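Here's the structure, in C-alpha coordinates; my notes come after.
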Amino acid sequence: MDGGIDDALALILALRSPEIEVAGITAVSGNVPVEQAAINALRVVELLERPDVWVAEGLARPLARDPIRAFNFHGRDGLGDSNLPQPKLRPTAKTALNAMSETLTSAKKHEVTIICTGPLTNLASLLIESPHVKSRIEEIVVMGGAYGITKYGVGNETPVAEFNIYSDPEAAKIVFEAEIRLKTVGLDVTTIPQLELVKRDYARIKKSRGKASMFATRILETNIRAHGRFTLHDPMAVAAKIRPSLYKFSDCRVTVETKGEYTTGMTVADRRDLKEDQLQGRPVMMCSDVDPGFKRFFLDRLN
Ligand code: RIB
Ligand code: CA
(Lines give C-alpha, C1' and ligand atoms only; values in the text may rest on other atoms or scores of the structure.)
(Ligands and ions follow the chains in the order given, each with its own letter.)
Protein backbone atom coordinates (compact mmCIF):
# COMPACT_ATOMS: atom_id res chain seq x y z
CA MET A 1 0.00 0.00 0.00
CA ASP A 2 1.16 3.55 -0.71
CA GLY A 3 -0.34 5.40 2.23
CA GLY A 4 -3.36 7.15 0.72
CA ILE A 5 -6.88 7.65 2.04
CA ASP A 6 -8.26 4.74 0.05
CA ASP A 7 -5.31 2.55 1.08
CA ALA A 8 -6.23 3.16 4.73
CA LEU A 9 -9.90 2.38 4.07
CA ALA A 10 -8.85 -0.79 2.23
CA LEU A 11 -6.75 -1.88 5.20
CA ILE A 12 -9.62 -1.26 7.63
CA LEU A 13 -11.83 -3.43 5.41
CA ALA A 14 -9.21 -6.20 5.26
CA LEU A 15 -8.57 -6.22 9.01
CA ARG A 16 -12.31 -6.24 9.80
CA SER A 17 -13.10 -9.11 7.44
CA PRO A 18 -12.98 -12.56 9.06
CA GLU A 19 -13.04 -14.14 5.60
CA ILE A 20 -9.36 -13.31 5.16
CA GLU A 21 -6.31 -13.34 7.45
CA VAL A 22 -3.92 -10.42 6.99
CA ALA A 23 -0.33 -11.63 7.52
CA GLY A 24 1.36 -8.31 6.95
CA ILE A 25 1.58 -5.07 5.04
CA THR A 26 4.44 -3.61 3.03
CA ALA A 27 4.49 0.13 2.55
CA VAL A 28 5.69 1.36 -0.84
CA SER A 29 6.60 4.76 -2.30
CA GLY A 30 3.60 6.16 -4.14
CA ASN A 31 0.93 8.64 -3.06
CA VAL A 32 3.36 9.68 -0.29
CA PRO A 33 6.97 8.72 0.57
CA VAL A 34 7.39 5.16 1.86
CA GLU A 35 8.09 6.30 5.45
CA GLN A 36 4.75 8.13 5.55
CA ALA A 37 2.98 5.18 3.91
CA ALA A 38 4.32 2.92 6.70
CA ILE A 39 3.15 5.38 9.38
CA ASN A 40 -0.33 5.44 7.82
CA ALA A 41 -0.50 1.64 7.76
CA LEU A 42 0.61 1.55 11.42
CA ARG A 43 -2.12 4.07 12.30
CA VAL A 44 -4.76 1.65 11.01
CA VAL A 45 -3.17 -1.44 12.58
CA GLU A 46 -2.99 0.44 15.92
CA LEU A 47 -6.55 1.80 15.58
CA LEU A 48 -7.90 -1.73 15.14
CA GLU A 49 -5.59 -3.12 17.87
CA ARG A 50 -3.82 -5.60 15.60
CA PRO A 51 -0.14 -5.45 16.67
CA ASP A 52 0.09 -9.08 15.42
CA VAL A 53 0.06 -7.76 11.84
CA TRP A 54 3.53 -6.68 10.76
CA VAL A 55 4.13 -3.49 8.76
CA ALA A 56 7.36 -3.32 6.78
CA GLU A 57 8.82 -0.31 5.04
CA GLY A 58 9.44 -1.18 1.37
CA LEU A 59 11.27 0.52 -1.45
CA ALA A 60 11.64 4.28 -1.33
CA ARG A 61 11.52 4.81 -5.07
CA PRO A 62 10.41 3.07 -8.29
CA LEU A 63 12.77 0.62 -9.99
CA ALA A 64 13.94 2.99 -12.69
CA ARG A 65 12.24 6.39 -12.34
CA ASP A 66 11.77 9.29 -9.98
CA PRO A 67 8.80 8.94 -7.65
CA ILE A 68 5.56 10.83 -8.38
CA ARG A 69 3.29 11.86 -5.51
CA ALA A 70 -0.45 12.51 -5.04
CA PHE A 71 -0.23 15.14 -2.30
CA ASN A 72 -2.80 17.29 -4.07
CA PHE A 73 -5.42 14.57 -3.63
CA HIS A 74 -4.42 12.66 -0.48
CA GLY A 75 -2.77 15.56 1.37
CA ARG A 76 0.86 15.85 2.51
CA ASP A 77 0.31 13.17 5.18
CA GLY A 78 -1.57 10.89 2.76
CA LEU A 79 -4.67 10.91 5.00
CA GLY A 80 -6.36 14.15 4.01
CA ASP A 81 -4.05 16.28 6.20
CA SER A 82 -6.11 15.04 9.13
CA ASN A 83 -3.27 15.61 11.63
CA LEU A 84 -3.82 12.28 13.33
CA PRO A 85 -1.50 11.45 16.25
CA GLN A 86 1.69 9.57 15.39
CA PRO A 87 1.26 5.79 15.95
CA LYS A 88 3.08 4.20 18.87
CA LEU A 89 3.65 1.01 16.84
CA ARG A 90 6.85 0.91 14.77
CA PRO A 91 7.54 -0.89 11.48
CA THR A 92 9.21 -4.31 11.73
CA ALA A 93 13.02 -4.18 11.63
CA LYS A 94 12.90 -6.61 8.70
CA THR A 95 12.98 -5.25 5.16
CA ALA A 96 9.74 -5.57 3.23
CA LEU A 97 11.31 -8.17 0.95
CA ASN A 98 12.49 -10.29 3.90
CA ALA A 99 9.13 -9.95 5.66
CA MET A 100 7.26 -11.05 2.54
CA SER A 101 9.74 -13.83 1.80
CA GLU A 102 9.50 -15.21 5.36
CA THR A 103 5.70 -15.17 5.31
CA LEU A 104 5.62 -16.86 1.92
CA THR A 105 8.31 -19.44 2.73
CA SER A 106 6.38 -20.54 5.83
CA ALA A 107 3.13 -20.75 3.88
CA LYS A 108 1.75 -23.78 2.06
CA LYS A 109 1.77 -24.00 -1.73
CA HIS A 110 -0.58 -21.46 -3.34
CA GLU A 111 -1.78 -20.33 0.07
CA VAL A 112 -1.08 -16.59 0.00
CA THR A 113 -2.83 -13.85 -1.96
CA ILE A 114 -0.96 -10.60 -2.43
CA ILE A 115 -3.24 -7.58 -2.81
CA CYS A 116 -1.49 -4.51 -4.25
CA THR A 117 -3.04 -1.08 -3.72
CA GLY A 118 0.02 0.97 -4.72
CA PRO A 119 2.86 0.87 -7.25
CA LEU A 120 4.19 -2.69 -7.77
CA THR A 121 7.78 -1.87 -6.80
CA ASN A 122 7.94 -4.10 -3.69
CA LEU A 123 6.33 -7.10 -5.36
CA ALA A 124 8.46 -6.84 -8.50
CA SER A 125 11.61 -6.64 -6.36
CA LEU A 126 10.52 -9.72 -4.38
CA LEU A 127 9.92 -11.72 -7.58
CA ILE A 128 13.37 -10.75 -8.87
CA GLU A 129 15.23 -11.43 -5.58
CA SER A 130 13.33 -14.51 -4.40
CA PRO A 131 11.70 -16.22 -7.40
CA HIS A 132 11.30 -19.41 -5.33
CA VAL A 133 8.45 -17.80 -3.36
CA LYS A 134 6.23 -17.74 -6.49
CA SER A 135 4.95 -21.25 -5.75
CA ARG A 136 3.44 -20.04 -2.43
CA ILE A 137 1.38 -17.30 -4.10
CA GLU A 138 -2.18 -18.31 -5.00
CA GLU A 139 -2.89 -15.10 -6.89
CA ILE A 140 -2.07 -11.41 -7.11
CA VAL A 141 -4.87 -8.84 -7.00
CA VAL A 142 -3.82 -5.43 -8.32
CA MET A 143 -5.73 -2.19 -7.98
CA GLY A 144 -4.31 -0.69 -11.12
CA GLY A 145 -4.55 -0.07 -14.81
CA ALA A 146 -7.21 1.15 -17.21
CA TYR A 147 -8.33 -1.34 -19.86
CA GLY A 148 -11.07 0.31 -21.87
CA ILE A 149 -13.60 -2.37 -20.95
CA THR A 150 -16.02 0.25 -19.68
CA LYS A 151 -16.31 3.91 -20.67
CA TYR A 152 -14.60 4.75 -17.37
CA GLY A 153 -11.51 2.76 -18.32
CA VAL A 154 -9.28 5.72 -19.17
CA GLY A 155 -6.17 6.96 -17.36
CA ASN A 156 -6.08 9.21 -14.30
CA GLU A 157 -2.37 10.17 -14.36
CA THR A 158 -2.20 10.54 -18.16
CA PRO A 159 -4.92 10.06 -20.77
CA VAL A 160 -4.09 6.33 -20.88
CA ALA A 161 -2.22 5.44 -17.65
CA GLU A 162 -3.43 4.81 -14.11
CA PHE A 163 -1.36 6.15 -11.16
CA ASN A 164 -0.12 2.84 -9.62
CA ILE A 165 1.08 1.48 -12.96
CA TYR A 166 2.37 4.83 -14.24
CA SER A 167 4.36 5.35 -11.02
CA ASP A 168 6.48 2.27 -11.74
CA PRO A 169 5.78 0.75 -15.17
CA GLU A 170 8.96 -1.38 -15.09
CA ALA A 171 7.75 -3.02 -11.86
CA ALA A 172 4.27 -3.51 -13.32
CA LYS A 173 5.77 -5.18 -16.41
CA ILE A 174 7.66 -7.64 -14.19
CA VAL A 175 4.51 -8.52 -12.21
CA PHE A 176 2.28 -8.84 -15.28
CA GLU A 177 4.88 -11.14 -16.90
CA ALA A 178 5.49 -13.25 -13.77
CA GLU A 179 3.12 -16.09 -14.77
CA ILE A 180 1.26 -15.92 -11.45
CA ARG A 181 -2.53 -15.70 -11.61
CA LEU A 182 -3.27 -11.97 -11.81
CA LYS A 183 -6.59 -10.25 -11.19
CA THR A 184 -6.80 -6.55 -11.95
CA VAL A 185 -9.34 -4.09 -10.55
CA GLY A 186 -8.84 -1.07 -12.76
CA LEU A 187 -10.31 2.38 -13.24
CA ASP A 188 -12.86 0.78 -15.58
CA VAL A 189 -14.79 -0.32 -12.47
CA THR A 190 -13.41 1.72 -9.55
CA THR A 191 -14.62 4.98 -11.12
CA ILE A 192 -18.16 3.80 -11.96
CA PRO A 193 -20.16 6.68 -10.40
CA GLN A 194 -22.69 4.40 -8.64
CA LEU A 195 -19.78 2.74 -6.79
CA GLU A 196 -18.26 5.96 -5.45
CA LEU A 197 -18.84 7.31 -1.96
CA VAL A 198 -21.17 10.32 -2.03
CA LYS A 199 -22.26 12.82 0.61
CA ARG A 200 -25.13 10.73 1.98
CA ASP A 201 -22.73 7.78 2.45
CA TYR A 202 -20.32 10.10 4.25
CA ALA A 203 -23.16 11.33 6.46
CA ARG A 204 -23.93 7.70 7.39
CA ILE A 205 -20.27 7.06 8.26
CA LYS A 206 -20.15 10.28 10.31
CA LYS A 207 -23.30 9.34 12.24
CA SER A 208 -21.89 6.01 13.31
CA ARG A 209 -19.73 6.42 16.44
CA GLY A 210 -17.46 3.42 15.87
CA LYS A 211 -13.68 4.00 16.03
CA ALA A 212 -13.22 2.94 12.39
CA SER A 213 -16.05 5.22 11.27
CA MET A 214 -14.62 8.15 13.22
CA PHE A 215 -11.18 7.55 11.68
CA ALA A 216 -12.74 7.29 8.19
CA THR A 217 -14.75 10.48 8.81
CA ARG A 218 -11.55 12.38 9.63
CA ILE A 219 -9.50 11.19 6.66
CA LEU A 220 -12.37 11.62 4.17
CA GLU A 221 -13.50 15.08 5.32
CA THR A 222 -11.25 17.23 3.10
CA ASN A 223 -12.04 15.26 -0.05
CA ILE A 224 -15.78 15.05 0.53
CA ARG A 225 -15.89 18.79 1.27
CA ALA A 226 -13.86 19.60 -1.87
CA HIS A 227 -15.36 17.13 -4.33
CA GLY A 228 -18.59 15.86 -2.76
CA ARG A 229 -17.53 12.29 -3.56
CA PHE A 230 -14.67 9.84 -3.06
CA THR A 231 -13.53 6.92 -5.26
CA LEU A 232 -13.01 3.64 -3.41
CA HIS A 233 -10.22 2.29 -5.64
CA ASP A 234 -8.30 0.27 -3.02
CA PRO A 235 -11.23 -1.05 -0.93
CA MET A 236 -12.69 -2.40 -4.20
CA ALA A 237 -9.52 -4.41 -4.83
CA VAL A 238 -9.59 -5.87 -1.29
CA ALA A 239 -13.32 -6.66 -1.48
CA ALA A 240 -12.64 -8.71 -4.65
CA LYS A 241 -11.06 -11.29 -2.33
CA ILE A 242 -13.73 -11.09 0.37
CA ARG A 243 -16.91 -10.97 -1.78
CA PRO A 244 -15.93 -12.46 -5.17
CA SER A 245 -19.62 -13.00 -5.97
CA LEU A 246 -19.94 -9.23 -6.46
CA TYR A 247 -17.26 -9.24 -9.20
CA LYS A 248 -17.17 -10.16 -12.87
CA PHE A 249 -13.74 -10.92 -14.39
CA SER A 250 -12.92 -11.56 -18.03
CA ASP A 251 -9.74 -13.07 -19.42
CA CYS A 252 -7.66 -10.73 -21.53
CA ARG A 253 -4.08 -10.39 -22.66
CA VAL A 254 -2.31 -7.28 -21.41
CA THR A 255 1.05 -5.61 -22.05
CA VAL A 256 2.47 -2.83 -19.89
CA GLU A 257 3.99 0.02 -21.91
CA THR A 258 7.32 1.24 -20.49
CA LYS A 259 8.75 3.25 -23.39
CA GLY A 260 5.97 5.27 -25.01
CA GLU A 261 6.44 9.03 -25.13
CA TYR A 262 2.69 9.51 -24.55
CA THR A 263 1.71 5.99 -23.47
CA THR A 264 4.17 4.95 -20.75
CA GLY A 265 2.27 3.19 -17.94
CA MET A 266 -0.57 2.19 -20.22
CA THR A 267 -2.00 -1.31 -19.66
CA VAL A 268 -2.54 -2.32 -23.28
CA ALA A 269 -5.45 -4.80 -23.39
CA ASP A 270 -5.63 -6.83 -26.62
CA ARG A 271 -9.39 -7.31 -27.12
CA ARG A 272 -9.22 -8.09 -30.82
CA ASP A 273 -11.25 -11.01 -32.12
CA LEU A 274 -8.20 -13.18 -32.90
CA LYS A 275 -7.03 -16.67 -32.01
CA GLU A 276 -5.43 -16.90 -28.56
CA ASP A 277 -1.93 -17.41 -29.98
CA GLN A 278 -2.26 -14.27 -32.15
CA LEU A 279 -3.01 -11.96 -29.24
CA GLN A 280 -0.37 -9.69 -27.67
CA GLY A 281 0.40 -9.72 -23.96
CA ARG A 282 0.10 -11.90 -20.86
CA PRO A 283 -3.14 -13.45 -19.57
CA VAL A 284 -4.89 -11.32 -16.95
CA MET A 285 -8.28 -11.70 -15.23
CA MET A 286 -9.59 -8.19 -15.70
CA CYS A 287 -12.51 -6.96 -13.60
CA SER A 288 -15.22 -5.89 -16.03
CA ASP A 289 -18.04 -5.17 -13.56
CA VAL A 290 -18.78 -4.85 -9.83
CA ASP A 291 -22.24 -5.21 -8.29
CA PRO A 292 -23.63 -2.05 -6.62
CA GLY A 293 -23.83 -4.20 -3.47
CA PHE A 294 -20.09 -3.50 -3.06
CA LYS A 295 -20.75 -0.04 -1.57
CA ARG A 296 -23.31 -1.35 0.95
CA PHE A 297 -20.89 -4.14 1.87
CA PHE A 298 -18.05 -1.66 2.37
CA LEU A 299 -20.19 0.72 4.46
CA ASP A 300 -21.49 -2.12 6.63
CA ARG A 301 -17.93 -3.34 7.33
CA LEU A 302 -16.82 0.20 8.18
CA ASN A 303 -19.46 0.62 10.88
O1 RIB B 1 -5.22 5.27 -9.33
C2 RIB B 1 -5.70 5.05 -8.03
C3 RIB B 1 -4.65 4.41 -7.18
O4 RIB B 1 -3.52 5.29 -7.06
C5 RIB B 1 -5.11 4.16 -5.74
O6 RIB B 1 -4.45 3.02 -5.24
C7 RIB B 1 -4.65 5.39 -5.01
O8 RIB B 1 -4.45 5.14 -3.61
C9 RIB B 1 -3.33 5.65 -5.69
O10 RIB B 1 -2.36 4.76 -5.11
CA1 CA C 1 -3.14 3.25 -3.19
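In each ligand, atom 1 is the first atom listed, and ligand 1 is the first ligand listed. Treat the numbers as computed from the prediction; the structure is a model and nothing was measured.
- Interface of M143 with ligand 1, defined as ligand atoms under 4.0 Å from a residue heavy atom, comprises 2 (C), 3 (C), 5 (C), 6 (O).
- No side-chain donor-acceptor contact under 3.5 Å links S167 and R65.
- Counting backbone and side-chain atoms alike, N31 contributes no N/O/S atom closer than 3.0 Å to the Ca ion (ligand 2).
- Heavy atoms of T190 found under 4.0 angstrom from ligand 1: none, in either backbone or side chain.
- The protein atom (non-hydrogen) at minimum distance from atom 9 (C) of ligand 1 is N31 OD1, 3.3 Å.
- V198 and L195 fall into different hydrophobic clusters, defined by Ile, Leu, Val, Met, Phe, Trp and Tyr side-chain heavy atoms under 4.5 Å apart, directly or through other members.
- Closest N/O/S atom of D234 to the Ca ion (ligand 2): OD2.
- Residues D7 and N40 have side chains that never bring a donor and an acceptor to within less than 3.5 angstrom of each other.
- Every atom of ligand 1 is numbered from 1 in the order shown, and the set under 4.0 Å from a heavy atom of N164 is 3 (C), 4 (O), 5 (C), 6 (O), 9 (C), 10 (O).
- The distance from the Ca ion (ligand 2) to the nearest N/O/S atom of D6 is not under 3.0 Å.
- Using modelled atom types and a 3.5 Å distance limit, the side chains of E138 and T113 yield a donor-acceptor pair.
- In terms of protein heavy-atom proximity, atom 1 (O) of ligand 1 is closest to E162 OE2, 2.5 Å.
- The proximity of I5 to ligand 1, defined as any non-hydrogen pair under 4.0 Å, does not occur for either the backbone or the side chain.
- The closest protein non-hydrogen atom to atom 8 (O) of ligand 1 is D6 OD1, 2.6 Å.
- One hydrophobic cluster, built from ILVMFWY side chains closer than 4.5 Å, holds both I12 and L79.
- Nearest N, O or S atom of D2 to the Ca ion (ligand 2): atom OD1.
- Among the atoms of H233, none of the N or O lies under 3.5 angstrom from an N or O of ligand 1.
- A perpendicular orientation is assigned to the rings of F294 and Y247, their planes being inclined by more than 60° (bins at 30° and 60°).
- The atoms of ligand 1 that sit less than 4.0 Å from any heavy atom of T117 are 6 (O), 10 (O).
- Cluster membership for M1 and I115, using ILVMFWY side-chain heavy atoms within less than 4.5 angstrom, is shared.
- Salt bridge status for R243 with E19: present, with a side-chain N to carboxylate O gap under 4.0 Å.
- Note on I165 and M266: separate hydrophobic clusters, where clusters join Ile, Leu, Val, Met, Phe, Trp and Tyr whose side-chain heavy atoms are under 4.5 Å apart, directly or indirectly.
- Looking from atom 6 (O) of ligand 1 to the surrounding protein, the closest heavy atom is D234 OD1, 2.6 Å.
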